Amino acid sequence: FGFGGSNFHCVLEENVSEKSAPDWDGDIQILAFSSDDFSALQQSLAAEQPDKEWEDFTRRAVASRKQFSSEHAFRLLLVVDRRQTELKKLLTSARAMLEKHPEKTSWSLPEGAAFGSKPATGKLGILFPGQGSQYVGMMRDLACQFPQMQEVLSQADQAFAEERQTAGLQRLSDFIYPHPAFNDETRQAQDTALRATDVAQPAIGAVSLGALRVLESFGIAPEAAAGHSYGELLALCAAGRIESETLHKLSNLRGRLMAGANGAGERGAMLAVKAPFETVQQFIQTEKFDLVIANRNAPDQSVLAGTTQIIEQASQRLEQQSIWNRRLPVAAAFHSPLVASAQQPFQEALGKISIGAARIPVFANTTAKEYPKPAEQARKLLAGQLANPVDFVAEITAMFESGVTTFVEVGPGHTLTGLVQSILRDRDVTAIALDSSKGKRAGANDLANALIRLAALGRAVDLTRWDEGN
């Protein structure tokens with residue numbers, strides 16, 4: 001269409017109620033090599049030419065994924081983004097790693113390469129983030145591309161609408177994926193709207209569950225699950241103890257109850273502190289602050305909860321002592337007495353839902369043990385979690401001791417991945433974030449990097465599903 005020297009283009013697509021398959025554009029490819037002979041693997045890599053036409057390279061990548069086997073002794077995989085990857089540089093880096101470090105049984109490069117040379121050991125565990133991980137546009141690319149994620153978002157929108165019968169026509173997904181902002185004021189307003197507890201929790205739930213469904217479409221099967229704070233609901237859903245429809249309803253209820261906890265009174269705030277746990281304890285005692293250590297996230301990171309005034313005072317005193325601290329983007333002092341009023345109504349609601357048997361063990365925030373099998377005990381533990389501290393250090397340690405050696409963070413951001421690396425820093429474990437760039441790279445690029453790292457470790461990943469049908 002053209003008028004007055006300007007050209008306007010409109011792309012129309014037939015409107016269908018459901019997407020039947022992922023939308024692949026072919027611009028991100030996974031190149032996979034595997035062999036029982038190390039020299040043969042090196043030769044295959046050396047044979048790759050960086051100056052191929054993209055169509056020829058795509059055909060080669062498809063063939064490589066069909067031939068790849070996670071059971072081979074040596075596995076090397078590359079992620080190639082047509083728009084960003086310098087293929088020659090990536091191939092050179094991968095060859096250099098193989099030549100200089102043949103003794104290493106596994107390694108990965110941030111530019112998109114992963115290698116492994118021993119059978120998969122230990123279990124695969126998944127982790128779900130809690131409130132504070134949300135950000136506007138989180139995992140947008142996967143939501144646009146994969147029908148599995150769109151289905152979950154649609155289901156979450158419906159539950160959100162039923163919860164807010166008088167809230168107008170704004171969907172939950174409108175908070176997650178609002179119209180583009182062109183000034184700081186609009187961006188701040190969108191961040192604030194998504195940060196509200198009664199929006200953030202169901203939003204994180206929808207995006208994280210959708211991301212899990214995407215991973216499952218590639219044949220990834222977790223063997224244990226856990227979640228941080230709100231994320232524990234997601235872990236229970238992933239394990240089959242609650243249905244996805246129930247998850248969305250409970251997410252809305254939990255968010256609403258915690259947003260309205262303490263009525264019109266003080267809801268409090270939370271402060272992350274980077275210091276050893278004992279130092280934080282001593283600080284509270286010395287300063288005589290009425291604070292709770294709501295989260296023990298890592299050996300050198302805790303989160304304090306209390307009234308907003310005391311949190312501000314604590315922050316100032318910590319600054320004076322040169323101790324790093326930061327206010328968290330949450331709307332209340334979670335896991336503290338300030339939200340205890342939400343516990344009873346939440347437990348009453350849990351009494352009306354079905355809690356089934358677990359397909360995989362779920363580890364609890366407050367006990368660091370597996371969730372109890374009896375439904376009533378599980379309900380009591382889940383309700384009590386709202387106002388009780390989260391001991392993430394003990395929880396991750398317990399997962400490791402149960403045999404989990406690979407952790408995948410499923411949801412927005414990569415905070416939990418960093419915490420696992422800190423908690424188990426001296427152990428032979430791998431932590432992988434599905435949203436490793438937090439939206440700075442294409443979502444398909446982040447997904448591909450997570451998949452190649454799992455495949456390089458010898459984990460079962462159906463790479464033939466990548467770019468399928470394109």
Side-chain angles (χ1 to χ4, degrees), residues 22 27-32 76-86 90 93-94 97 106-116 124-130 132-146 148-149 176 204 207-218 220 222 225-228 231 234 238 297-298 301 392 396 404-425 429-457 459 461 463 466:
D27 283 349
I28 297 177
Q29 292 295 328
I30 293 175
L31 190 60
L76 173 68
L77 302 97
L78 309 176
V79 174
V80 182
D81 188 326
R82 184 180 188 179
R83 294 154 294 191
Q84 295 182 342
T85 302
E86 296 182 40
L90 179 60
S93 297
M97 286 295 295
S106 67
W107 50 261
S108 62
L109 301 176
E111 53 264 43
F115 171 79
L124 173 64
I126 52 174
L127 303 174
F128 295 97
S133 65
Q134 76 282 343
Y135 63 92
V136 172
M138 51 186 173
M139 310 190 88
R140 182 193 301 271
D141 290 351
L142 299 189
C144 291
Q145 183 174 357
F146 288 92
Q148 297 89 342
M149 194 159 182
I176 307 171
I204 294 167
V207 170
S208 300
L209 182 60
L212 175 64
R213 297 292 181 249
V214 171
L215 285 178
E216 290 173 340
S217 73
F218 289 93
I220 294 171
H228 190 286
L234 281 154
N297 286 337
Q301 187 194 118
F392 198 63
I396 293 301
V404 176
T405 56
T406 303
F407 296 83
V408 179
E409 182 174 359
V410 184
H414 45 74
T415 299
L416 301 187
T417 301
L419 295 180
V420 170
Q421 292 169 338
S422 177
I423 295 167
L424 302 175
R425 59 168 61 100
V429 299
T430 302
I432 301 168
L434 181 57
D435 188 28
S436 59
S437 75
K438 204 173 180 180
K440 293 181 175 63
R441 290 188 305 206
N445 196 317
D446 281 342
L447 173 62
N449 273 278
L451 294 178
I452 69 166
R453 292 192 65 189
L454 288 169
L457 290 171
R459 301 288 176 186
V461 181
L463 294 176
W466 188 266

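All of these numbers come straight from a predicted model, not from anything done at the bench. Starting from 1, each residue takes its place in the sequence as its number.
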No-hydrogen, no-angle side-chain donor-acceptor test under 3.5 Å, Thr406 and Arg459:
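There is such a pair (donor and acceptor under 3.5 Å, judged by atom type) between the side chains of Thr406 and Arg459.
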
I'd like to know if the side chain of [X] reaches the main chain of [Y], judged simply by a donor and an acceptor atom lying under 3.5 Å from each other, with no hydrogens or angles considered.
X      : Y      : value
Gln134 : Gly132 : yes
Ser217 : Val214 : yes
Glu409 : Leu416 : yes

Ignoring hydrogens, what is the shortest heavy-atom contact between [X] and [Y]? Give both atom names and the distance.
X      : Y      : value
Pro110 : Arg441 : O-NH1, 3.7 Å
Ala32  : Leu463 : CB-CD1, 4.1 Å
Ser208 : Phe128 : CB-CD2, 4.1 Å
Tyr135 : Pro412 : CE2-CB, 3.9 Å
Leu142 : Ala444 : CD2-N, 4.3 Å
Val410 : Pro129 : O-CD, 3.3 Å

Side-chain heavy atoms of [X] within contact of [Y], under 4.5 Å:
X      : Y      : answer
Ile204 : Ser133 : yes
Trp107 : Leu76  : yes
Leu77  : Arg453 : no
Leu212 : Leu234 : no
Thr415 : His228 : no

Using 0.5 Å steps for rounding, measure from the [atom1] atom of [X] to the [atom2] atom of [Y].
X      : Y      : atom1 : atom2 : value
Ile423 : Phe407 : CD1   : CZ    : 8.5 Å
Leu109 : Phe115 : CG    : CZ    : 11.5 Å
Thr417 : Ile432 : OG1   : CD1   : 8.5 Å
Thr430 : Leu424 : OG1   : CG    : 11.0 Å
Leu451 : Asp446 : CG    : CG    : 11.0 Å
Leu447 : Trp466 : CG    : CH2   : 4.5 Å

Is it true that atom CD of Glu86 has more than 12 heavy atoms of other residues, nucleotides or ligands lying nearer than 6.0 Å?
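At most 12 heavy atoms, drawn from other residues, nucleotides or ligands, come within 6.0 Å of this atom.
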
Could you walk me through whether Glu111 and Thr85 pass the side-chain contact (heavy atoms from CB on, under 4.5 Å) test, one step at a time?
CA-CA 8 Å; Glu111 53 264 43; Thr85 302; over 6 Å; no

Could you walk me through whether Leu78 and Ile452 pass the side-chain contact (heavy atoms from CB on, under 4.5 Å) check?
CA-CA 7 Å; Leu78 309 176; Ile452 69 166; over 6 Å; no

Among Val404, Asn297, Leu419, Leu127, which one satisfies side chain to side chain contact (heavy atoms under 4.5 Å, CB included) with Ile396?
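With Ile396 as partner, side chain to side chain contact (heavy atoms under 4.5 Å, CB included) holds for just one option, Leu127.
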
Verdict with reasoning, Met139 to Met149, per side-chain contact (heavy atoms from CB on, under 4.5 Å)
CA-CA 10 Å; Met139 310 190 88; Met149 194 159 182; 3.9 Å; yes

